[in-house]
Amino acid sequence: MKSIDNLKSFWKSPLRRNQAMLGYLFVSPWVLGFLLFGLYPIIMSLYYSLCQYDVLRIPQFIGLGNYRELLFKDPYFWKSTWNTVYYTFLRTPLVILGSLMLAVLVNNAVKGIRFFRTIYFIPSIITGVVLSSIWLWMLNPQYGLINTTLAFFGIQGPLWLQSPEWSKPSIIIMSLWSIGGGRMLVFLAALQGIPQQMYEVVDLDGGGWWNKFRHVTIPMVSPVIFLWTVLEIIFSFQVFTEAYVMTKGGPLNSTMFYNLYLYYKAFDDFSMGYASALAWLLLLFILIVTLIQFRVGRKLVYYEGEKA
Amino acid sequence: MNTLKTILKTVGFVSIGLMIVIPFLFTGNEKPETGKTEIQYWHSTGQKEQAPYYVNAFNSTHDSIQVKPVVIPWQEQEKKVLTALLSGNPPDVVNQFSPVVKWASRMALRPLDDLIERDGLDSTIFFPSLWKEMRWQGHIFAIPVYTASYAFFINKRLFREAGLDPERIPQTWQEVREYSRKLTKYDEDGYFKQIGFIPFYQQALIPGQSTLPTPIIMAWQLGAEFLVDSGHSLKLNNPEMQRACRWILDYLDDYPMDKLSAFTAGFGYGDQHCFVSEKIAMMILPSTFPEHIERYHPDLDYTIGMIPSFQGYPTTSFSGCWWVAIPRGAKNPEASWEFMKYLIDKEVQLATVEAMEENLFPANRLAAFDKRFDKDRETDIFLKHIEVANSAVVVPIAHDVFWREFYNAVERIMHKVQPVDAALEQAEKTVNHELHKALEYDEYIRSKMDFFNR
Amino acid sequence: MIIQTPSKKILNKIITYTFLVGVAAILILPFLWIISTSLKGNESIFAIPPQWIPDKIHWDNYTNVFEKMPFFTYLRNSIFVSGMTIIGTLLSSSLVAYAFACLKWPGRNGVFIFVLATMMLPMQVTMIPLFVLFKNFGWLNTFKPLIVPAFFGGGAFNIFLLRHFFLTIPGELFDAARIDGCSEWRIYWNIVLPLAKPALATVAILTFMMTWNDFFGPLIYLSDKLKGTLALGLAMFVGQHQTEWGMLMAASVMMMIPMIVLFFLFQKYFIKGFMMSGIKG
C-alpha cells in the first residue's frame, strides 16, 4: 500500500512529474528498440523451448518435455553446468583483480604511458583462427612459450588443453590475456576520477602504496568492481568462443561449457527447441544470481554521487 | 568542452562523409543482362580464382542463363545456408560438403526425381558410394560433383632410418603395429620424439589435422552393421566395434596415454602438421594432402598405399563429396538444373579438376577413369579407395549426435575412464534417444505437411 | 604535492617502468608473432622455436591480400558499419543511461532489470527469429540489420556501463543546475556528456572493436560479394583443406591497425579524466 501512496504523492509534485515524463522520453529509444527488435525473438525462443523444432520445419508443441529431459535425463546438462560454474567462479575474481592491477599500472602519468596502454589493449582485438593459432603455440606442452618458461625455472608444466584437469584453467588463462580491453579501460576511467588529494592525505599520514590501494583506490572503484562482477558473471556463464575455437569441448568433455553444448544442439543437431529450453534455464539462473548480487551489492558499494 | 566539440565535429564530418558514400553502397549492384536468367550459385571451394573455371565456361557457352557465383566462407557455411533457406530467397544452386541427408530430411532441398527422369540422367556414371549419399527415402535431392579420397601415407625416409623397406607398405594392422614399434623414438626424458602410427587422437584440436577415425574403419572392415531395425536404431555396441576398440587399447599399451597426449599436443598447423614435420611415420590422410606437403615440405619423401586391414578382411575407406542441389523455394529450377547437368558432364569435369589446385576427383566415373585424367600410381590408389568407401553418414537423421557420441565414447575408452562395452553402450543409448526423437518429429511433420510437394 | 626526495622519486619511476615493460613484454609477444608470421613463406611458418625474423621476408603476403579480396571495398564497408554503429550507440545509450541514472520515474528499477536480462539470453537462440524479423522488414542483404539496432538503445552492456558512470557524478551538480533552471536536455548535453568523456570514449572503443571484428552478423545478413566486411573477407583465407596462413596473418595485421590507431588517439580523453573533483572543490 505504501508504494501506491508514494506513487500518488509522486504524481502530485509537478517537478517530479515533469522529470518522470522526461525519464520515459529518454528511455524510449531502448523501449522502442526492444519492442521492434527484441520482443519477437525473445517470445519466439520461449515458445520454441516448448517445442520440438529444427528451424527448417514447423515446430511441434511438446509442453515441458524439453525441460523435463534436460533436468532429469541429460547428463551433458549437468556436466556442462558444472564446467561453466567452475569457470565462472574461478575466472571472475581473477579477471577483476587482474584488470584492476593493470589499470592501476597504466594510471601512472609517466612518459610513454599511452604507448604502454596501447600494447596492453592489443591482445583483446585478436580473434578467431588467429587467436587459436597463437594459443596453440603458447600452450603447447613441449615447445610452448608457457611450458618452456616454466621449464626454465625447473617446473614441469602440465599438458594444458590436452589434460582434463588443466583444460578449464587453460581457457581461463586464455581469457585473462585480453583483460587489457574493456575491463582495463573502465577501471582506468574510474581511477582517473579519483581526486589526487585523497592520495595526498594518505601520504601525509605516512601510508605507503598498500594503504593508498586499500583505503583510497578500492573504496573509490568499488562501484566498478561491482559493475564488473555483475557483467563478468553474465558473460562467463555464456562462455563459448574460447572453447569453440580451441577444444570443441574436449578432452573428456572437460570444456563442454553450457553455451557450447547449447550451440551444438542448436546448429549441429538443429534441435532449436531443446537449445531454447537450455537458453531459458540459463537466463533464469543468471537472473537469480544477478538479483542476489544487487541485493548484496547495495550494502557494499560506495557511490560518490548517490542520488537515490 | 572544446574536446567534446571536436569529437562532435569529427563525428559530424565523418557521418556526413559516410552519408555521401551510402548511395554507392546500396545501389552498386550489377544488373543482370537483359533477356538472361540470372542464377545465384553459392560455393565455398576456396578463393583461388574470382569465379571457378566451370562458371566462366558455362557463362561463355550459354546465352540464356547467367550464373553468378558467390563464395561463402568455409567456416560456418552451414549457418549461411541455413539462414538463406529461411530468407525465402535462397540461392538457386548451392555447393555443399555436409551430408545431403542433413538438409534433405529437413525439407530444405528440392527433390530432383522429375528432372532426372525427364532428361534421362544416367545415375550409373557416378561412383555408387557417392550416389547413395544423394538419396533420402527413395528420392534424389542432389548431384555429386567431386570427391576426395583417402589413402595410407608413409614416410619413406623414416622407414629407411628404421631399417624398413619403404616399398613394402604394411598391409595388415598387425604389421602396422610391428612397424610402428620400430618407427618409434624417444628422447632422453622418455618422451616420444617420433611415433610410427597412432590409431587414436584426441578429438581434433586443429582443423585439417583430422585423420579418419580408425576404430570405425576397423569395425567396417570386420563387417559391422551400425544401423539396424530398418534405420530405426543404432547398434554401436556390436562385436566388431568392441573388437576394434580392444585391439586399439591393446596397441596403446606400448604408448602410455600421458606421454602420447604430450606428443600429440605438439602437433600444429601448416608445416607443424604431424606428418609433414615427420613426427608420425604412417597416417591415413586425404587426397588433398599431397598439395599440403607440396606447400610446406616439398622435399618430404613419402608414398601411399591402401589402408591396412585385419588379416583376411577387405579394406575400406570413407567417402564424402561435394554436391550441388536446388534449395527449396529457389526461383529458377530449370536454369539451375541446366547448370547442374553441365557440371557433371565428362568434359567439364575433366577440365574443372585440371583447373583446380586441390587434388579432387570427378564424381563422374567416366571422367575419373578417362585416360586423359592424370593417372599415376597415387591416383590409382585413391580411386580404389573411393570404390570401397563407406558413407560417413552412419545415422542419417542424427548425424552430428552420432559423431559427437562416437568420439566421446572412444575417448573414454582410450583414457580408460570406462570399459569398452559400457562406453559404447552409453553412446548407443544417447544416439538412439535422439534418433527416436527425430523420427517422432518426422512423423508429426508428415501428418501436417506434404513432404515431397514442390 | 608531497615533497619527495629525488632518489625516492627515481626509485619509484624505475619500479613503475620495470612493471610496465615486464607486462608489455608478455602481452606484445603474440602480436609480434603475428607480424612475423605475416612476413613468412610456407617453409618455416610455424617453426618451433619460432623464427622471429624470417630468412626471406615475404611482402607478397600483403600484396596478395589486395589481389584475393576487394580490400578497399571491404574496408569502406567496415568503416561505414562501425562508424554508424558507434554514432548510434553513443547517442542512444547515453540518453537511456541518463534516464536510468539521473532521472526518477516509477518503474525504473523494473525496466533496468529487463535491460540487463536481455544480455542473459544466449544469442544463439534469438539469432534465427531475429533473422526472420529482419527478413520481414526487407532488410536482408543491406547494412541495416547491423546498424539500425544500435540507434535504439545501443545495447544493454553500454547502457549499464554509462549508467554506472553517470551515477558517480555528484548529485549536487544536478540540483544546482536544476535550481538554475537548466532543462534536463541541457544537463544531459552540456554537463553530463562532457563529464563522462572517458566513459564515452570507452563505449566508442568497445563498440568499434565489436563491430569491426564481427563475423557472424555480416555472414548471415550480407550475401552480395561487394557488401562484405573485412572480418568476412578474412574468413575467406581459411579453407577446408588449406589455410593461407601468410595472407591471413597479413590481413589480420591490416585489420588490427585501425583499431590500434583509434585506441591510441582516443586515449586523450582518458588523461584528463573526470573533472568532477575540480567542480566539487
Side-chain angles (χ1 to χ4, degrees), chain A residues 7 10 19-20 22-24 26-27 29-30 32-33 37-38 40-42 44-45 55 105 108 110 114 116-123 125 127 129-130 134 143 180 182 185-186 188-189 192-193 195 200 203 223 227 234 238 259 262-263 266 275-276 279 282-283 286-287 290 303-305 307, chain C residues 2 13 16 19-20 23-24 27-28 30-31 33-34 48 92 95-96 98-99 103-106 111 115-122 124-126 128-130 133 149 152-153 161 164 167-171 184 198-199 202 205-206 209 213 238 252 256 259-260 263-264 267 270 273-274 276-277:
Chain A
L7 212 60
F10 192 97
Q19 212 188 75
L22 274 166
Y24 292 125
F26 274 43
V27 84
W30 181 83
L32 220 64
F37 309 117
Y40 175 76
I42 288 172
M44 285 322 275
S45 73
V55 183
L105 191 59
N108 278 301
V110 294
R114 285 171 76 177
F116 284 111
R117 285 179 192 158
T118 311
I119 287 180
Y120 297 173
F121 169 75
I122 288 174
I125 57 177
T127 54
V129 202
V130 178
I134 288 175
Y143 322 99
L185 287 185
V186 174
L188 184 61
Q192 295 275 334
E200 283 162 17
D203 267 332
L227 170 97
I234 295 175
Q238 298 183 53
N259 241 19
L262 186 156
Y263 175 88
S276 300
L282 183 67
L283 172 95
I286 305 180
L287 194 63
T290 308
Y303 269 108
E304 196 183 353
K307 288 177 283 290
Chain C
I2 292 303
K13 269 214 163 140
T16 308
F19 271 106
L20 280 172
V23 177
L27 293 180
I28 195 75
F31 183 58
W33 185 76
I34 297 179
I48 291 166
S92 72
L95 204 63
V96 175
Y98 187 86
L103 297 171
K104 269 197 194 161
W105 39 280
V111 176
V115 173
L116 278 186
T118 58
M119 259 197 289
M120 301 172 191
L121 197 64
Q124 282 94 336
V125 295
T126 47
I128 296 289
L130 190 62
L133 192 70
F152 290 89
L161 204 66
H164 158 81
L167 277 179
T168 60
I169 296 171
E184 294 295 333
T202 308
I205 289 171
L206 295 182
M209 265 166 66
N213 278 333
V238 182
S252 305
M256 283 162 77
M259 278 186 278
I260 296 173
F263 179 79
F264 193 78
Q267 277 188 60
F270 287 110
F274 282 96
M276 66 190 183
S277 50

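Throughout, protein chains are lettered first and strands after them, A, B, ... in sequence-line order, and every chain is numbered starting at 1. What you see below is based on every heavy atom in this structure, not just the backbone, and it leaves out hydrogens, waters and symmetry mates.
For a residue to count as touching a neighbouring chain, one of its non-hydrogen atoms must lie under 4.5 Å from one of that chain's; by this rule Leu22(A) touches chain C with backbone and side chain alike. Only the side chain of Leu206(C) comes within contact range of chain A, with heavy atoms under 4.5 Å apart. Residue Gln19(A) touches chain C through both its backbone and its side chain, counting heavy-atom pairs closer than 4.5 Å. Within the 4.5 angstrom heavy-atom criterion, atoms from both the backbone and the side chain of Met119(C) approach chain A. Contacts of Tyr120(A) with chain C are made by both backbone and side-chain atoms, with heavy-atom separations under 4.5 Å. The contact between Ile286(A) and chain C is made by backbone and side chain atoms together, counting heavy-atom distances below 4.5 Å. Only the side chain of Thr127(A) comes within contact range of chain C, with heavy atoms under 4.5 Å apart. With a 4.5 Å cut-off on non-hydrogen atoms, Val27(A) touches chain C through its backbone and its side chain both. Both the backbone and the side chain of Leu95(C) have a heavy atom closer than 4.5 Å to some heavy atom of chain A.
Note: Gln124(C) CD to Ser45(A) OG = 11.5 Å, rounded to the nearest 0.5 Å. Separation of atoms CZ (Phe121(A)) and CE (Met256(C)) is listed at 9.0 Å; rounding is to 0.5 Å. Note that CE of Met44(A) and CG of Leu133(C) are 10.5 Å apart. Values are rounded to the nearest 0.5 Å. Rounding to the nearest 0.5 Å places CZ of Phe116(A) at 10.5 Å from CD1 of Ile28(C). Atom CG of residue Leu227(A) and atom CG of residue Leu161(C) lie 6.0 Å apart, to the nearest 0.5 angstrom. The CZ atom of Phe264(C) lies 5.5 Å from the OG1 atom of Thr118(A); values are rounded to the nearest 0.5 Å.
The shortest distance between side-chain heavy atoms of Gln192(A) and Pro198(C) does not fall below 4.5 Å. Looking only at side-chain heavy atoms (C-beta outward), Leu167(C) and Pro223(A) stay at 4.5 Å or farther from each other. Taking 4.5 Å as the limit, every side-chain heavy atom of Leu282(A) sits out of range of all side-chain heavy atoms of Met120(C). Proximity of Thr118(C) to Trp30(A): side-chain heavy atoms (C-beta onward) are separated by under 4.5 Å at one or more points. In this structure, the side chains of Val96(C) and Phe26(A) stay at 4.5 Å or more apart for every pair of heavy atoms. Side-chain contact between Ile125(A) and Ile260(C) is present, with at least one heavy-atom pair separated by less than 4.5 Å.
The cationic atom of Arg117(A) (NZ for Lys, CZ for Arg) does not lie both less than 6.0 Å from the six-membered ring centre of Phe263(C) and within 45° of the ring axis.
Counting heavy-atom pairs closer than 4.5 Å to chain A, the top residue among Val115(C), Val111(C), Leu130(C), Leu116(C) is Val115(C). Of the listed residues Ala117(C), Ser92(C), Pro122(C), Gly153(C), the one with more heavy-atom pairs under 4.5 angstrom with chain A than any other is Pro122(C). Per-residue counts of heavy-atom pairs under 4.5 Å with chain C were compared for Pro29(A), Gly33(A), Ala275(A); the largest is that of Pro29(A). Interface check for chain C: of the options Ile122(A), Asn108(A), Leu262(A), the most heavy-atom pairs under 4.5 Å are formed by Ile122(A).
Side-chain atoms of Gln267(C) come within 3.5 Å of backbone N or O of Arg114(A) as a donor-acceptor pair.
Taking each heavy atom of Pro129(C) and Pro41(A) in turn, the nearest pair found is CB-CA, 3.6 Å. The two residues Pro123(A) and Leu27(C) make their nearest non-hydrogen contact at CG-O, 3.8 Å. Between Leu121(C) and Ala279(A), the shortest heavy-atom contact is CD1-O, 3.8 Å.
Enclosure of atom OH in Tyr24(A) by more than 12 non-hydrogen atoms of other residues, nucleotides or ligands within 6.0 angstrom is indicated.
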